[in-house]
Amino acid sequence: MANATSVSTHILDTSVGRPAAGVDVELAVRAAGGADWTPHATSATDADGRCKDLPALPGGTTEVRLRFATGPYLPHAFFPEVAVVFAVEPGEHYHVPLLLTPFGYSVYRGS
C-alpha cells in the first residue's frame, strides 16, 4: 500500500523572531480538472507555531489550499489572510512554512 499524501505547516513571525501561536488554518482540497474546493480540515497553530493535527489527504487530491487567518494575529497587518495553493503528488509529504511580518510573507516547500 502506498504512503498517504500529507501536509504540515508552521508559521514564524519574523518581525519578532518567534512562532505565531493561535492562528487558525483551513486546509481545502480539489481534484484535477478545476474541481471545486472541498474543505478538508481546520486547525490552529500551537505554541510552537505548528499545526500537527492535519489529516492525510483524500485519494485523488491534486491541489491543496492552506488558508491562514492572519488578521486576528496581526490586527493592523496589510494581509488579513494568506492563501497558499500548491500541487501535490500521491504518497508525498508537503511541509509548507509561512514566514510572516505585518507587511509581507513568504512560503516555501520545506522538509
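Being a predicted model, the structure only gives us computed values, none of them experimental.
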Got a sec, which pairs hit ring pair (Phe, Tyr, Trp, His ring centres under 6.0 Å) with one end in residues 19-73, sequence neighbours left out?
-> none
Output for pair (Thr101 OG1, Leu74 CG), nearest 0.5 Å, gives 8.0 Å
Are the side chain of Asp48 and the backbone N or O of Arg50 linked by a donor-acceptor pair below 3.5 Å?
-> no
Under the side-chain contact (heavy atoms from CB on, under 4.5 Å) rule, collect the residues that match up with Thr5, sequence neighbours excluded.
-> Leu57, Val88, Pro90, Tyr94
Go through the structure and list residues passing side-chain contact (heavy atoms from CB on, under 4.5 Å) with Thr62, not counting sequence neighbours.
-> Ala32
Nearest heavy-atom neighbours spanning Thr45 and Ala20 | OG1-O, 2.7 Å
For Phe78, what residues pass the ring-ring contact (aromatic ring centres under 6.0 Å, His included) criterion, not counting sequence neighbours?
-> none
Can you find a pair of side-chain heavy atoms, one from Cys51 and one from Ser8, that are under 4.5 Å apart?
-> no
Heavy-atom distance under 4.5 Å between the side chains of Val7 and Phe86, does that happen here?
-> yes
For Ala69 and Val23, which heavy atoms make the closest approach, and how far apart are they?
-> O-CG1, 3.6 Å
Compare every heavy atom of Ala21 with every heavy atom of Ala47, then report the nearest pair and how far apart it is.
-> CA-CB, 3.9 Å
Going hydrophobic residue to hydrophobic residue with side-chain gaps under 4.5 angstrom, can you get from Leu99 over to Val96?
-> no
Looking only at heavy atoms, which two atoms of Ser43 and Leu54 are closest? And how far apart?
-> CB-CD2, 3.9 Å
Minimum heavy-atom distance between Pro55 and Ala41, given as atom pair plus value | CD-CB, 3.4 Å
Between Val84 and Val82, is a side-chain contact (heavy atoms from CB on, under 4.5 Å) present by the stated rule, with each step listed?
-> CA-CA 7 Å; Val84 179; Val82 173; 4.0 Å; yes
Would you say the side chain of Pro97 lies within less than 4.5 Å of the side chain of His95, judging by non-hydrogen atoms?
-> yes
How far does CG of Asp46 sit from CD1 of Ile11, to the nearest 0.5 angstrom?
-> 10.5 Å
Heavy-atom check, side chain of Leu12 versus side chain of Leu100, under 4.5 Å = no
Residue pair Val29 / Pro58: nearest heavy atoms and the distance that separates them = CG2-CG, 4.0 Å
Same apolar cluster (I L V M F W Y, side chains within < 4.5 Å links), Val85/Val25 | no
Could you note down all residue pairs passing salt bridge (charged side-chain N to carboxylate O under 4.0 Å, His left out) where residues 61-84 supplies at least one of them, sequence neighbours left out?
-> Glu26-Arg65, Arg30-Glu63, Arg67-Glu81
Taking only distance into account, with no hydrogens and no angle test, what donor-acceptor pairs under 3.5 Å do side-chain atoms of residues 104-111 form with protein atoms, sequence neighbours excluded?
from, atom 1, to, atom 2, distance (Å)
Arg109, NH2, Glu92, OE1, 3.4
Arg109, NH2, His93, O, 2.8

